[in-house]
Amino acid sequence: MWTYILKRLLLIPITLFGVTLINFVVIHMAPGSPIDKGMGSGQGFSPGDIQQDTDELRKQFHLDKPVLFNPNGFLDHREKTLRLVRIILSHDEPRLSEVIVSLRKGESQVEALSQVEALGEEWEIANLDDTARGALEEGGVALETFARSTTKLIYATAIRRLRDLGSWSVPTLVQRLDSDDRNERIVATSFLALATKRYDQKAHEGVNEERLTELVAGWKSWWQSHQYEYQYGWFRKLGVFFGETQYALYLWDLMHLDLGLSTETGQREPVFDRILRHLQVSLVLMVISTILVYTIAIPIGIFSAVQHRTLTEQALSLFLFVLYSLPSFVGAIILRHLFATGHPWDFMPVDGLTSPDAEWMWMNALERVGDYLWHLVLPIVCLTYGGLASLSRYARTGMLEVIRQDYMRTARAKGLSERVVILKHGLRNALIPLITLFANLLPIMVGGSVILEHIFSIQGMGYLSLQSIFKNDYTTLMGVMVITAILVQLGILLSDLLYAVADPRITYD
Amino acid sequence: MSSENTGRSALLEVSDLKMHFPIKKGVFSKTVGWVQAVDGVSFEVGEGETLGLVGESGCGKTTVGRSILRLIEPTAGTVHFEGKDVAQMRGKELRRMRRRMQIIFQDPYSSLNPRMTVESIVGEALTIHGIAQGEERRQRVRELLEKVGLSKRHLNRYPHEFSGGQRQRIGIARAIALEPRFIVCDEAVSALDVSIQAQIINLLIELQREMNLSYLFIAHDLAVVEHISTRVAVMYLGEIVEMASSRDLYESPTHPYTRCLMSAIPVPDPTAKKDRIVLEGDVPSPINPPSGCHFHTRCPIAQDRCRQEAPPQVEVGSGHWAACHFPEDPIS
Amino acid sequence: MSSTPTSTPQPDTRDLEYWQIVWGQLRRNRQAMVALVFILVLFVLAIFAPVLAHDAPFVYDGENGTEFPWFRQLFLFEFQHDHFFNCLMLLLLPGLAVLWGGWRLSAGNADWPRGRVVVWWGVGFLGVVTTLALLTRIGPLTPQSELERSFVLEKGVFPPIPYSFRTRDADFVSEGPGVEVTTIDQEGNEIILVNPHWLGTDAGGRDVAARLLYGARVALTIGFIGVAIYVAIGVLIGACAGYFGGWVDILISRLVEIMITFPSFFLILVLVGVLREHEDLRNVPKIFVIMFVIGFTSWTGVARLIRGEFLKFRGREFVLAARALGLSNARIILRHILPNAIAPALVSATFGVAGAILTESGLSFLGVGIDAPAASWGQMVKVGYENYEWWWILWPSTAMIFLTVTAYNILGEGLRDALDPHLRE
C-alpha cells in the first residue's frame, strides 16, 4: 500500500513534466511574444523606455532564450559566423544581406547605404527611431561606422540580439579581430566588449587606427588567458542545449514554486498569488458541489434500485436522464434566464458571489454570510446537477447489480430487516465503483466551470483562464494549467486510495 | 541433459530451454523473484515422429510449445528446426519457418476468429504466403476441409455455427493449409468430449501418415497420449522428469511421478486390481520451486538426498531416461 | 469418420452477422429508435438546408429569360463544409436510387455479379451528375439585389424560407416573430410590414430559422469529423499499446495519463484560443480549427478502451494462430483483432459526437469558437444570452443543442445495451 502511494507520488512529477512540456509547446504556438502583445495595449509605458523595458522583460520572462532546445553550443564555426551575421543584420531578409555583403566587398558605399535606407523605409521603422537613437547612444560612437552602414534600428536590435547569443559569440568575434576590413575589426572589438559585459564607452570613443590596433591587441591577449572559459566540453554543451532554454528555466522556477509574473500589462502580479486568489473561489464551489453530488446521488440511486420498475422510479429516471443530457452551460443559461432576468422572475442574483459593494458595505457579518450563500445557490445548482445525474445513474446500476447477488439473498434469509440488508450489505459494495468516478469529477468540474463562471461572473479559475486567453497572459495560463494538473493528479491519487480503503480486495501490491 | 538417438535425423531439437518470468515489486519495480515456468528442457523430435509431452496444468508444457514457434521468446536455450536456430531467424526466413511449423490450440472456441468465415480462416495464410488466390484458393480450402472431414458447404460459415469437434477440425485445416512438416498440438483434444477426442486423434494420425508430419503432442493426460505418441516425455514443474518410447513408458514407468500418473489412468477392466497412488498436496509454486528434486515434496519415496540434490537424467533403459535418485525403488 | 453437420441449412451468412444481431437488439429499444429517427431527420434537414432556406430562387424569370439562380449559387459564397453538404444533397437521393436499383436488378440474376452492376451504375450516374453540375455553372449570374427584389415582387419560386443564414434583412433587425414594423416605402408612404421571418432575426437581421438549419450542418460536421479523427487516432495508439505492450505501452500509457490530466474542455479552449490567433490559420475557417483540436485532444478515452480490448485479445489463441501462420503485425491488428475490439469504441464515439457538439457550442458561446456570420447554435445561444429579451434566438438554439445531445446520448446508451452480451436473451 505505502509502496503504491510512494510510487504514485513519484510519478506525479513525471506527469507534471509532460504536462508543462505540452503546455509550453501549445502556448508557444501562439504568434508573437507575449511582451509584444502586452505592449500593444500600451498601458503604463512611456514610449521612450519601451526598448529598455522590453529588454528587461525579455530577461525576466526568459524570452531571450530559445523555447525548448538551445543549440548554440553545438554550432560549428561557420554556423556561428552565419548566425552572428544574421544577428548583426537582425533580420533574415535576403536583400539586406546582399547589401551588406556588397558593402563588405568594398563596392560603392553610397549606393549600398541608399539601398539600406530604402529598405528601412519599406519596413516602416522610421517611427521607432527614438528607440534606435537611445540605443545608439548606449552603444557608443565607436560603432558609428557600422551603424551608418546599416540603419540605426537594425543596429539597436543587433545589440539586443547579441546579448541573447551571449558568450557563444565570443570565439567568433575573436576570429574577426584579424579581419582585413577595418569596420569589421571595430565591430568585433566593441561587440566583444558588449558580449563579455566589459563595455566601456570611453575606451571605444573616437577610435583611430592606433587605438584600434591597441584594442585588437588587448582583446587578443585577453583571449589568450580566457579562451578556456569559452571552449565548452560536450557535457556543458549538452547542459546548455537542454538547460539554457525557456522551458528549463520555467521548470527551475516551478521547482521553487515560482510561477512567474503575469504578463498582463499593468498588473505584474505573481501568478501564484493570482491563482491562489481565484482558486479559493473555485474550490469552495467545487467542494460544496462534490459533497452535494455524493450526498444526493447515493440516496437517489438506492431509492431507484429498491423501487425498481415502479412508476415513481421511472419518472425519476426520466428526470435524471433529462438532467444528464442537459449540458450544464445550457442549464445555467436557462436558470439564469428564468430566475434572474425578469423572464419571468428576477429574484436570484447572478453577478458574482456578493452583492455590489454599495450594499455589501452596510451588511453585518450574518447578513454577509447569507448574501454569499444566496449568491452561491444558482452556480452550485448548475455545477451539481450534471454530476448528480450521472452519478445517481451509476449508483442505481451498481445497486441493482448488488441486489441480485447471492449474499443479499442470504442476508435477507437470515431475517435481517430490508433496511439493514440494503444499507449494510448492499451499499458498501455498490459504492465502490462510485469512488473511481471521483477522479473524473474534478477535471469535468474544472473544465465545465469555465463556462459557468463566465455566465455567473464568478472570479474563479475558469474565469481567470478565460481572461488570460483573451489577454494573451501566457504565464498565468501556464500557471493555471500546472495547478489544475496537480489538483487532478492528487484527485486521481485520492480516489485510488479511497478505492483501496473501500474495497478490501484491492491491495496495490 | 541428453536424449535418445533413434537413428532418424532430428527435425526439431530443443536444448536447455528456459522461460523465467520476473516478479516485480516495490517503488522501482525491482525484480524480487522469478517464475520458473520452464527450467531447462531438452528433447528432440525426429521426422515422422510424435513426441507426447505430458504434465499437470501449470508445469510449463504450453510454454514449451509456444516458445518452439517463437510465439513467446524464451529466456534461455535454443530451438533448432531443420538444423537452424529459430531464435536467430528474421523476416523472410522466419516466414519460411512459419510455413513449415504450425500449431493447433486447445480451446476450439477462442482459437478461431469469430468474425471471419471458415474460408478466410483456413485460406488467409495461403494468400499471405502467395500460394493460392481467388478461385484457386477457394478450391484449396475446399480440399482442406474435406481432408479434415468437413464439407465444402461450410466454406462461408462463421465459427459459432460449429460444434467443438468441428471447430477443432477447422483449426487443423488451418494448420495443415501451408503443408507444414511439424505441428505442435497444444492440448489439441483436452477440451473435447471423449468420443470426439478419439475422432480427432485418429484424424491427426491419418494426416501424419498422409503428409509425413511430425507432432509435438502436448496433453495433461497420459491416456490420451498413449495412442498417438512414438515417445513420451513427462514434465513436472518446468522440467522433464522422464522420457522414453511410448511402450517402455507405459510398461515400465520409472520415475515416481510417472508411476503416480499411470496409476490414475482408468483401466477398462473392472476385475483388474487397482493400486492407485494418490499424490498428496498441491503442485508447489513455480516461483520458488523446492530445492533438490522438485518433486520431493510430494514424492512417496523421497529421502534426504532428494531434498538437497537435484537428480541428473539417468538412462535406465535403452532410450529411457529418468531424473530420479532412486528410480527402481518400489512405491509402497 | 467425417461428421457432417446436423444443423439445418442456413441462408448465406456472408454479411456481418454480428452487426445484424446488434441491429436487431437496437431495434427493440424504442427510445433509441426515436433518437435514431431524430438524428436521421436532423441529417436530412442539414443536408437539404438550401432546399428549405436559401436566398436565391429555384426558378426566376429575369431580363435574360428563365434562370435557375439557386443551382448557380449553390456553390458560391458558402463555407467549405457547406460545399460538402451541398454535394451530398445533390448526390444523395439519385445515388441511393441507383444503388438500390442496381441491387434489385442483380438480386434475381445469377449471371450479374452485384458488384459489377453497382459499379457500372455508379459510373454512369456520376457522369450524369457531373454534366448537370457543369450545366448549373452556365448562364449569367443575376445580382443578389435583383434577386431580393424579385422576392418582394414574387417573380421567382423561392425555398420556404427565402433567406440564407447570412442574408441580412435591414428592415427587420433583431425582431421577434410576428412583429409589425412601420417603414417608409419608396414613394414616401408609411407602410406596416409583418415580420416575414418565422423565428425572427438576430442583431444582423439574419433569419433565425435559416441559421438553425445551417447550424445543424456545423454541429454535425464537427461532431462527426472531430470524432472520426479522434477515434482513428485513439484506435491506432490504443492498438499499438495493447498489441505490442512493453515500452510502447508504458510510453503511451504515460502520454494518456498526461493528456487526461488536462480537463478536456479546458485544453480545447486554450488550444483554440491560441490557434485562432495564429497567423498561418487566420484564413482557415474556425470550424476546421475546432474540429482538429477536438480530434487531436480527445483520443485518450478511445485509446484506453481499445488498449484494454487489445490486451484481452492479444493472448487469445486465434491471434497466436495468426502469428504462427506468419501474418504481419499490421494484418493481425487490423483484420484479426480490430473487428473484435471496435464495438466499445463505437459506443464511445456515439457519446463523443454529443460531446463534440457540446464542446463546439461551448466554445462559440464563450466567443472563441465560430463567429457570425457563420451559423452555429452555440454562437446563437451567446447572442440570446447577451440580450435576454431576444427569446426567439435563445430558446430554439438551446433546444436544438439539448435535443441533439440527448438524442446522441440515448442512441449511445441503446448501442451499449445492444452490444452488451449480458443483456442479450
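As the structure is a computational prediction, the values presented were derived from the model and not from experiment. Just so it is clear: chains get the letters A, B, ... in the order the sequence lines come, proteins before strands, and each one is counted from 1.
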Taking every non-hydrogen pair under 4.5 Å, which of [options] racks up the most with chain A?
{"options": "C:A354, C:G367, C:S361, C:G384", "value": "C:S361"}
{"options": "C:I260, C:L394, C:L267", "value": "C:L394"}
{"options": "C:L358, C:I268, C:V368", "value": "C:L358"}

| query | Should we count CD of C:Q31 as having more than 12 external heavy atoms under 6.0 Å? | reply |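 At most 12 heavy atoms, drawn from other residues, nucleotides or ligands, come within 6.0 Å of this atom.
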Tell me whether the count of non-hydrogen atoms from other residues, nucleotides or ligands lying under 6.0 Å of CZ in A:F470 goes above 12. yes
Nearest heavy-atom contact between A:S325 and C:N409 is OG-ND2, 3.5 Å
Distance in Å, A:F329 CZ paired with C:F265 CZ, rounded so as to fall on 0.5 Å steps
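That separation rounds to 7.5 Å.
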Task: From CD1 (C:I410) to CZ (A:F321), nearest 0.5 Å - done: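 If I round to the nearest 0.5 Å, the distance is 4.5 Å.
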For chain C, which of [options] has the most heavy-atom pairs under 4.5 Å?
{"options": "A:I492, A:L11, A:I486, A:V322", "result": "A:L11"}
{"options": "A:L466, A:V488, A:I455", "result": "A:I455"}
{"options": "A:N23, A:I14, A:L16", "result": "A:N23"}
{"options": "A:Q489, A:H337, A:H454", "result": "A:H337"}

A:I469 and its side-chain contact (heavy atoms from CB on, under 4.5 Å) partner, picked from C:V272, C:L269, C:L366: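 Single pass found, and it is C:L269.
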query = Which of residues 292-307 of chain C have a heavy atom under 4.5 Å from any heavy atom of chain A?
reply =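 Near chain A, by residue number: none.
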By residue number, those in residues 477-484 of chain A with heavy atoms under 4.5 Å from heavy atoms of chain C are A:L477, A:V480, A:M481, A:T484
| If you look only at pairs with a residue in residues 406-415 of chain C, which of them pass as a salt bridge (Lys or Arg N to Asp or Glu O under 4.0 Å), with sequence neighbours excluded? |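 Salt bridge (Lys or Arg N to Asp or Glu O under 4.0 Å) check on residues 406-415 of chain C returns A:R393-C:E413, C:E413-C:R416.
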Could you check A:V330 against C:V381 for side-chain contact (heavy atoms from CB on, under 4.5 Å), going step by step and ending with a plain yes or no?
CA-CA 9 Å; A:V330 174; C:V381 171; 5.9 Å; no
Identify all side-chain donor-acceptor contacts of residues 399-406 of chain C below 3.5 Å with residues at least two apart in sequence or on another chain.
residue	atom	partner	partner atom	Å
C:T404	OG1	C:M400	O	2.6
C:T406	OG1	C:F402	O	2.5

Review point. Given that the side chain runs from C-beta out, which part of A:I334 has a heavy atom under 4.5 Å from chain C: side chain, backbone, both or neither?
Key: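 Interface part for A:I334: both.
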